[in-house]
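Here the structure comes first, spelled out in structure tokens, and everything after it is commentary.
Quick note on labels: first sequence line is chain A, next is B, and so on, each numbered from 1. All values reported here derive from a predicted model rather than from experimental measurement.
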4 protein chains.
Amino acid sequence: MEIKKDKKINKINNNQLFRRDIILTAALEIFAQRGYQKALVTEIARRAGVSEATIYKEFKDKEDLLHAIPEKIMPEATSQLALHMQGIKGALNKFRKFLWFYLYFFETNKDWATVVLLQIKPNPRFIKTTAYQLIRKFTRILIDILEEGKQEETIRKNLDNNLARHIIIGGIEHITTRWLLLGKPRSILSYADELFELFVRAFGSENAYKPDL
Amino acid sequence: MEIKKDKKINKINNNQLFRRDIILTAALEIFAQRGYQKALVTEIARRAGVSEATIYKEFKDKEDLLHAIPEKIMPEATSQLALHMQGIKGALNKFRKFLWFYLYFFETNKDWATVVLLQIKPNPRFIKTTAYQLIRKFTRILIDILEEGKQEETIRKNLDNNLARHIIIGGIEHITTRWLLLGKPRSILSYADELFELFVRAFGSENAYKPDL
Amino acid sequence: MEIKKDKKINKINNNQLFRRDIILTAALEIFAQRGYQKALVTEIARRAGVSEATIYKEFKDKEDLLHAIPEKIMPEATSQLALHMQGIKGALNKFRKFLWFYLYFFETNKDWATVVLLQIKPNPRFIKTTAYQLIRKFTRILIDILEEGKQEETIRKNLDNNLARHIIIGGIEHITTRWLLLGKPRSILSYADELFELFVRAFGSENAYKPDL
Amino acid sequence: MEIKKDKKINKINNNQLFRRDIILTAALEIFAQRGYQKALVTEIARRAGVSEATIYKEFKDKEDLLHAIPEKIMPEATSQLALHMQGIKGALNKFRKFLWFYLYFFETNKDWATVVLLQIKPNPRFIKTTAYQLIRKFTRILIDILEEGKQEETIRKNLDNNLARHIIIGGIEHITTRWLLLGKPRSILSYADELFELFVRAFGSENAYKPDL
DNA sequence: GATGAATGAGGCTTCATTCAT
DNA sequence: GATGAATGAAGCCTCATTCAT
């Protein structure tokens with residue numbers, strides 16, 4: 001009897017987690033297609049195959065639903081990145097991979113790129129959300145790589161990590177935003193190597209700097 | 001009689017231009033405070049001291065009003081920049097000034113920064129507007145500076161101008177966006193020199209590159 | 001379970017049909033009182049005891065609501081007429097009844113008369129609506145009666161059915177329109193016999209024509 | 001000096017009369033094209049080549065402008081009809097001409113037909129206007145013809161003039177309304193002879209009635 | 001626990017009318 | 001006397017959210 005009960009509870013919890021994911025997936029698609037304001041909760045509910053009331057069971061309001069999306073995506077991104085980082089030695093090699101992955105993840109998750117860059121980040125409430133913390137945590141990996149580079153003496157010790165992060169993330173996101181808005185076919189992944197070269201010139205120590213990189 | 005008529009016409013035109021400016025100024029403030037969606041046309045009208053109907057005489061609809069703001073600001077920015085550029089020789093010196101000015105203009109026009117970075121640029125329709133063309137034209141100045149540097153051989157000839165623009169504009173706008181959202185007191189102008197150093201390392205030729213810049 | 005479901009569906013359908021009828025009844029009253037343009041959707045909603053949003057669930061817009069009224073009334077009129085026609089033999093007798101019913105229906109449904117004659121029929125979009133088809137279908141009954149009369153040889157074979165319809169319907173509606181606008185107390189039903197006499201003179205064959213009718 | 005003044009006053013009055021006519025002509029066109037509600041006063045002013053304020057100098061409001069149109073058209077129609085009636089003897093011949101003229105005037109003044117049948121007559125205020133009196137006066141001519149026919153004994157003495165007027169005017173206007181709304185190419189004038197035949201059967205005395213008319 | 005019908009609340013936009021010039 | 005720029009006033013319609021079933 002007890003076991004049965006537990007099973008039921010687990011099942012329910014699983015269903016609920018599952019349901020939450022389904023809603024978030026639907027929301028991501030609709031927000032990407034229509035934009036946050038023009039997206040209708042009704043439409044998200046329909047796409048998710050649940051009722052509107054169910055959405056309001058899971059999320060406080062429409063904005064909460066928007067900000068919950070990164071809570072689903074970022075852990076996935078983080079674990080994928082961790083996997084990609086395995087077996088890579090040297091800060092610069094890790095940095096190159098990081099650039100590649102950031103672009104790769106946007107390119108292969110265009111809806112996500114659209115929603116996070118055009119709808120979540122420009123929202124003034126974004127910085128107060130858990131989503132903001134998760135994204136900070138992700139870019140913290142970049143800071144760690146830069147620090148590792150400083151230890152290795154392949155990255156200049158006097159580099160301001162924050163400033164570096166600004167131009168790395170800012171640059172990548174600017175590229176991605178134009179790619180999204182202009183609908184250009186060129187793969188943004190193709191920028192990875194050139195970006196790496198530029199950034200190594202900017203951040204690298206004498207040791208690391210190779211004019212004919 | 002003719003003179004009288006002309007005067008009248010001039011006055012009317014002046015009033016209309018004046019009125020248009022007043023509305024745009026009010027709209028800039030309200031959009032910056034509330035965001036585009038939450039901004040009320042009523043509130044903009046009240047702030048501008050005109051009726052709502054007058055706004056709709058000047059602008060097709062609320063979105064047209066949003067996109068008309070850059071058409072007022074960008075020419076001002078461009079002419080101010082032109083003034084600042086006078087008497088400066090050398091592509092790197094011009095580039096330093098450009099960085100400074102971009103940050104300076106955002107810092108001293110915070111409402112503009114808020115509206116253009118958080119409301120206009122993320123809007124998918126932005127790239128179809130005249131505003132987009134005006135902003136492109138402004139960043140074209142940056143490209144010209146980079147080209148001049150290539151001529152002087154202070155900028156690497158193999159630098160991809162577009163990529164450079166992405167990380168320069170992307171970097172500056174990322175800094176500004178965080179400054180706006182986090183409400184940090186630190187002046188973004190203080191980033192100018194460090195940014196210049198980083199970018200010269202990234203873009204400069206052997207001639208230009210000075211480790212102890 | 002299935003039965004329950006069906007019951008629920010039926011109930012919902014019934015409610016929806018019911019609700020639609022209630023709205024249409026309210027709309028008919030308000031349109032008749034105020035005219036289409038001056039009628040407020042708010043007022044119709046209040047009279048119907050529903051919210052405005054509910055009205056827009058049922059009807060695309062205010063004009064759709066107007067043109068939906070005949071879709072409710074005309075089938076009622078048609079079935080009532082069918083009932084009245086039962087047990088009547090001879091085209092002229094049927095024709096007399098038709099005239100009587102047309103006037104009777106307007107007289108006893110004054111709001112309907114007001115809305116159809118003063119608001120729906122003068123609307124240029126009317127002829128593109130389903131409502132137009134329903135009303136055509138109703139007057140088709142008149143054509144059938146005239147045809148029957150030709151078979152019987154009580155109606156002239158060379159009568160142009162369309163022309164006859166024009167002066168019958170035109171005549172009745174002119175009478176009704178003046179009655180509505182002038183607010184005269186005289187029952188329009190009292191015109192039935194005289195109209196019949198006139199029309200029989202006009203349309204009847206030698207057999208049917210009786211000077212002392 | 002006095003003479004000069006008088007001339008000036010006359011000129012002004014003439015101008016004003018002229019101006020009033022120009023506005024009414026413009027209004028007729030715009031009302032016919034767009035319908036009363038959708039017609040903009042601005043548009044009428046532009047078409048008339050005057051300012052909106054001038055329109056409000058001449059007419060109390062938009063509705064007054066609508067009802068002023070018949071005050072311009074009906075006297076024209078009346079005098080044209082009078083001319084056409086000259087040299088015609090016999091009530092039935094006059095009646096035939098009347099039918100012809102009514103259709104002819106609508107056919108050659110389609111804008112007028114549109115405005116009077118679809119916009120003025122369905123307006124509840126119509127019967128309180130001078131326009132209504134003018135139109136009554138015009139149809140009075142029909143009554144006079146019928147009376148003349150009774151004197152001549154070509155029209156039945158027991159004919160109810162009002163009822164006859166209803167089916168004559170109602171019939172013609174029904175034909176014209178369908179012609180306007182359906183945009184059929186067939187000339188409505190072609191109905192004149194058939195209508196005459198029908199009406200003579202309906203109204204004519206034994207003397208007048210000719211089966212093989 | 002899930003539903004989805006119903007709505008409350010409010011925004012954008014329009015246009016007849018006026019009045020300062 | 002004529003203008004036409006300015007507006008006051010209001011209406012249609014939308015949609016996130018809730019609650020009775």
Side-chain angles (χ1 to χ4, degrees), chain A residues 8 12 15-16 19 36-46 49-65, chain B residues 4-5 7-8 11-13 15-16 19 37-45 49-65, chain C residues 4-5 7-8 11-13 15-16 19 37-45 48-65, chain D residues 8 11-12 15-16 19 36-46 49-65:
Chain A
K8 198 183 175 187
I12 287 170
N15 279 350
Q16 285 178 338
R19 191 178 65 181
Y36 173 70
Q37 289 296 340
K38 296 188 181 169
L40 306 186
V41 175
T42 305
E43 204 176 359
I44 294 169
R46 202 184 316 129
V50 300
S51 73
E52 287 150 284
T54 300
I55 289 180
Y56 284 87
K57 282 280 197 315
E58 294 286 343
F59 305 97
K60 189 168 76 58
D61 54 23
K62 192 184 172 187
E63 196 167 359
D64 185 35
L65 177 56
Chain B
K4 207 177 169 184
K5 221 175 183 175
K7 271 188 189 168
K8 199 183 172 186
K11 196 185 168 193
I12 288 170
N13 285 345
N15 280 349
Q16 284 179 339
R19 189 180 68 181
Q37 289 296 340
K38 296 189 180 170
L40 306 188
V41 176
T42 307
E43 203 175 0
I44 294 169
V50 300
S51 71
E52 291 181 58
T54 299
I55 290 181
Y56 284 90
K57 279 281 196 320
E58 294 285 344
F59 306 97
K60 191 168 71 61
D61 55 23
K62 192 184 170 187
E63 194 167 2
D64 187 35
L65 178 56
Chain C
K4 206 179 173 184
K5 221 174 183 174
K7 271 187 187 170
K8 198 182 174 188
K11 195 187 169 192
I12 288 170
N13 286 347
N15 280 347
Q16 285 179 338
R19 190 180 66 181
Q37 289 297 338
K38 296 189 180 171
L40 306 187
V41 176
T42 306
E43 203 176 357
I44 294 169
V50 299
S51 72
E52 289 182 57
T54 299
I55 290 180
Y56 284 91
K57 280 281 198 314
E58 293 286 343
F59 306 96
K60 191 168 72 60
D61 53 24
K62 192 184 170 188
E63 194 167 0
D64 186 35
L65 178 55
Chain D
K8 198 183 173 189
K11 195 188 168 194
I12 287 169
N15 281 347
Q16 284 178 339
R19 192 178 65 182
Y36 173 70
Q37 288 297 338
K38 294 188 182 171
L40 306 186
V41 176
T42 304
E43 203 175 0
I44 294 168
R46 202 185 314 130
V50 301
S51 74
E52 286 150 285
T54 299
I55 289 181
Y56 283 88
K57 283 281 196 314
E58 295 285 344
F59 305 96
K60 189 168 74 62
D61 55 23
K62 192 184 171 186
E63 195 166 0
D64 185 35
L65 176 55

Nearest whole Å is fine: how far is E/dC12 P from B/F59 CZ?
15 Å
Between P on F/dA16 and CD on A/E63, what's the gap in Å once rounded to a whole number?
13 Å
Rounded to the nearest 0.5 Å, how far apart are NZ of B/K62 and CD of B/Q37?
5.5 Å
Mind checking the OG1-CZ spacing from C/T54 to C/F59? Nearest 0.5 Å is all I need.
11.0 Å
Starting at CD1 of B/I55 and ending at P of E/dT14, how long is that distance when rounded to a whole Å?
13 Å
To the nearest Å, how far apart are D/D61 CG and E/dT18 C1'?
13 Å
If you measure from CG on B/D64 to CD on B/E58, what distance do you get to the nearest 0.5 Å?
10.5 Å
Can you tell me if the side-chain N/O atoms of B/Y56 get under 4.0 Å from OP1 or OP2 in E/dT13?
yes
In whole angstroms, how far is the P atom of F/dC15 from the OH atom of A/Y36?
13 Å
Taking atom C1' of F/dC15 as reference, at what distance in whole Å does atom CD of A/E43 sit?
12 Å
Enumerate all atom pairs, one protein N or O and one N or O from nucleotides 7-10 of chain E, separated by less than 3.5 Å.
residue	atom	partner	partner atom	Å
E/dT7	OP2	C/S51	N	3.2
E/dT7	OP2	C/S51	OG	3.1
E/dT7	OP2	C/T54	OG1	2.2
E/dT7	O5'	C/S51	OG	3.4
E/dT7	O4	C/K57	NZ	3.4

Quick one: CZ on D/R19 to NZ on D/K57, what's the gap to the nearest 0.5 Å?
8.0 Å
Over all heavy atoms of both residues, which pair between C/S51 and C/A45 is shortest? Give the atoms and the distance, please.
C-CB, 3.9 Å
Under 4.0 Å, counting only non-hydrogen atoms across every strand here, what does A/A39 touch: a base, just sugar-phosphate, or nothing?
sugar-phosphate
Starting from P on F/dA16, measure out to NZ on A/K38 and report it in whole angstrom.
13 Å
Reading 5' to 3' and counting Watson-Crick or G-U wobble pairs with both distances under 3.5 Å, write the dot-bracket notation for DNA chain E, | for bases paired outside the strand.
.||||||||||||||||||||
Closest approach of D/I44 to D/I55 (non-hydrogen atoms, all atoms of both residues)
CG2-CD1, 4.0 Å
In whole angstrom, what separates D/K62's NZ from E/dC15's C1'?
8 Å
